[in-house]
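Residue numbers begin at 1 in each chain, while the letters A, B, ... track the order of the sequences.
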Amino acid sequence: MSKKPIRTRYAPSPTGHLHIGGARTALFSYLWARKNGGSFVVRIEDTDVERNVEDAEAKQMDGLKWLGLDWDESVDIGGPYAPYRSMDRMDIYREYIDRLSEEGLAYPCYCTSEELEADRERQLAEGVAPRYSGRCRHLTAEEREALEAQGRNPSIRFKAPGGRTVTVQDEVRGEVHFDTDGIGDFIIARPDGRPTYNFAVTVDDALMEITHVLRAEEHLSNTPRQILIYEALGFDAPKFGHVSLILNPDGKKMSKRDESILQFIDQYKDLGYLPEALINFLVLLGWAPEGEEAEREIFSREELVQSFSLHRMSKAPAVFDTVKLRWMNNHYIKESSLERIVDLALPHLIRAGRVSPDLSDEAKSWVTRLVSLYREQLDYVAQIVDLTEMFFREDVRYAEAAKEVLRQEQVPQVMKAFIGQIEQADDFSPDTVKTLLKAVQKETGYKGKQLFMPVRAAVTGEVHGPDLKETISLLGRDTVAGRLNHLLKNREQILGG
RNA sequence: GGCCCGUUGGUGAAGCGGUUAACACACCAGCCUUUCACGCUGGCAUGCAGGGGUUCGAAUCCCCUACGGGUCACCA
């Protein structure tokens, strides 16, 4: 007997950009399919037409693509189970809804939302679980006609059986039991025939032969309803895995307007986070590698495909630790090719007006050196703009610590000597700069901190920074000489009291 | 309020009845470096939400409590 091929899916509703939570669920689903040589399906759950956003579908898919998660079947490439958009599957849902109605497993409900809301409030006030009253469950044909004569258009409710226990075999939580008495008759189709999520998702997962439904924990309580539908329709239920939520740094559930954390994948993309860093970071939020690998934290997508497993999923919610994400991204920035980082940095530098959009080869190689100089301290590429600010300004802004250094008595002498050396130099490569500083040392007798700190402070306005000779070389002869001369002339004024 | 899920250091976490309670981020100290960063070395939970059990032995099994979360939509 051959095992059924593993099929997983990511089924977002097209209401916005790819969220970090959705990205993680998609990643888990993707990894599980890939690990088992199965298929990963991206399906669009767009039955809530009022909420649908114009290009959200494309945004979701762009986000997945950027992360490097490719799919085998979806709206764009089709597949054997097409269509992959709920609203294109209306005929299918109608068929199953009719079937349930005919079999007496579903019935029309004429209650208005006002009536329903009133019921709910009353039940809440009485401290009872809010649940559908069952008012329309036993309507006679005459009563139905009368209600329809009033112009009331029915929605369709699923008849939830009472007195039973539904067991969810959850891949991450184990067996979870639900008493069906806690489940009221729920709506499976709106008056215009559009199915609700619980119904559409069930029919789609069943028909598409999804074997593993991996999704957020908030769906766990919905699962018994879906299992009831699977049973009523005579489908085998897939395996479920409910992944714990991602919490913000305060340990709270993220809300849409939560600003303590960037929530959308494209925001990270725009800031210059690398997809492999996001993947690596996200997968560790709720999943842990096994055995020896538990001591590592850097995993490529290929390695994850190898190592991923459902039984290593965590039941506890995970806090999104921005600091660790930055560390991880910095790690990947250092690992990746310089060329790639330059390409990512360029748009930021251009937007900041630092470099021209149509830059010469010469300028490009200058930017490459600049990025190279700062690469290892980038948590995300956009930081390059602020980090290199002093390369692009006329006047130097001297930090207090730099002024302190520049007040040392040897400073004028060192600076004069350095200017003299610069004027005589043939070129201004880092090696040359090194030689020039050596010469200054010989000429003045100052060395080490007494030499380098004043030079750094005078030229950059800071007492910290990356490699000095490269910095000076990149700044260029004119700029360096200019800054030194300016400082020499206006020393009193610049250094103040 | 009912039902359901969870709780190991500041954070992600390993741990599956007997361990000095891994590893990583962060933090602290030292080394390296003209400086910063990188890198390296070392430190960092006497305790696993609290309380009861079970057991020779519990972070690991059971129960209760507390706290956090999810859900109870014609949203997904």
Side-chain angles (χ1 to χ4, degrees), chain A residues 11-15 22 45-48 50-51 109 111-113 116-117 120 123-132 154-157 168 170 172-174 176-179 181-184 186-192 194-198 200-201 215-225 242 244-245 247 249 251-253 281 284-298 312 314-328 330 334 374-378 401 405 437 447-457 460 462-468:
Chain A
S13 65
T15 51
E45 217 78 54
D46 60 350
T47 55
D48 188 2
E50 293 84 6
R51 287 204 192 187
C109 170
C111 297
T112 62
S113 23
L116 262 15
E117 184 52 32
R120 223 180 88 84
Q123 288 168 328
L124 244 21
E126 288 170 5
V128 188
R131 189 179 333 154
Y132 180 58
S155 51
I156 307 296
R157 269 184 202 277
V168 179
D170 196 281
V172 352
R173 274 149 222 286
V176 185
H177 306 281
F178 292 90
D179 188 338
D181 287 335
I183 301 172
F186 54 94
I187 292 185
I188 55 176
R190 297 170 248 236
D192 64 4
R194 276 152 47 225
T196 55
Y197 168 75
N198 277 131
V201 80
R215 61 189 6 168
E217 185 191 345
E218 63 204 75
H219 290 288
L220 181 56
S221 317
N222 269 157
T223 308
R225 292 181 177 75
H242 289 93
S244 55
L245 265 22
L247 270 24
K252 293 280 189 323
K253 189 196 180 192
F281 177 73
L284 260 15
L285 249 35
W287 175 81
E290 189 162 25
E292 298 279 294
E293 291 187 334
E295 302 208 347
R296 290 204 286 138
E297 49 281 307
I298 299 298
R312 301 245 88 208
S314 169
K315 299 194 226 330
V319 173
F320 192 98
D321 183 357
T322 309
V323 178
K324 184 155 184 176
L325 203 212
R326 286 182 176 214
W327 166 79
M328 198 169 269
N330 170 265
K334 285 184 290 197
Y374 285 90
R375 164 156 75 148
E376 68 183 15
Q377 50 185 295
L378 293 175
V405 167
L437 286 170
K447 58 177 182 175
K449 283 191 185 186
Q450 300 227 288
L451 169 65
F452 291 103
M453 287 307 279
V455 170
R456 179 184 289 284
T460 71
E462 296 287 343
V463 294
H464 308 306
D467 187 70
L468 223 210

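Within the shown strands, nothing qualifies as a pairing partner of B:C16 under the Watson-Crick or G-U definition with both distances less than 3.5 Å. Across all strands shown, B:U7 pairs with B:A66; the Watson-Crick or G-U wobble distances both stay below 3.5 Å. When both distances must be under 3.5 Å, the Watson-Crick or G-U wobble mate of B:G42 is B:C28. Under the Watson-Crick and G-U wobble criteria, each requiring two contacts below 3.5 Å, nucleotide B:A73 is left unpaired.
Here the straight-line distance linking atom CG of A:D170 with atom CD of A:E217 works out to 9.5 Å at 0.5 Å rounding. Distance check: A:E117 CD to A:T112 OG1 gives 10.5 Å after rounding to the nearest 0.5 Å.
Rounded to whole angstrom, the span from the NZ atom of A:K449 across to the P atom of B:U34 amounts to 10 Å. Nucleotide B:G15 holds its P atom 4 Å from the CZ atom of A:R312, rounded to whole Å.
Looking at heavy-atom distances under 4.0 Å, A:N222 makes contact with a base. Among the protein residues, A:P12 comes within range of no part of the nucleic acid, since none of its heavy atoms lies under 4.0 Å from any strand.
Going from the P atom of B:C48 to that of B:U8 covers 12 Å, rounded to whole Å.
Between the side chain of A:R225 and the backbone N or O of A:S221 there is at least one donor-acceptor pair closer than 3.5 Å.
Below the 3.5 angstrom threshold, one finds no donor paired with an acceptor across the side chain of A:D321 and the base of B:A26.
Note on ring orientation: taking the six-membered ring where Trp is involved, the planes of A:F320 and A:F281 are perpendicular (angle over 60°, cut-offs 30° and 60°).
Between A:R296 and B:C23, a side-chain N or O to OP1/OP2 separation shorter than 4.0 Å is absent. Under 4.0 angstrom from either OP1 or OP2 of B:G39 there lies at least one side-chain N or O belonging to A:K334.
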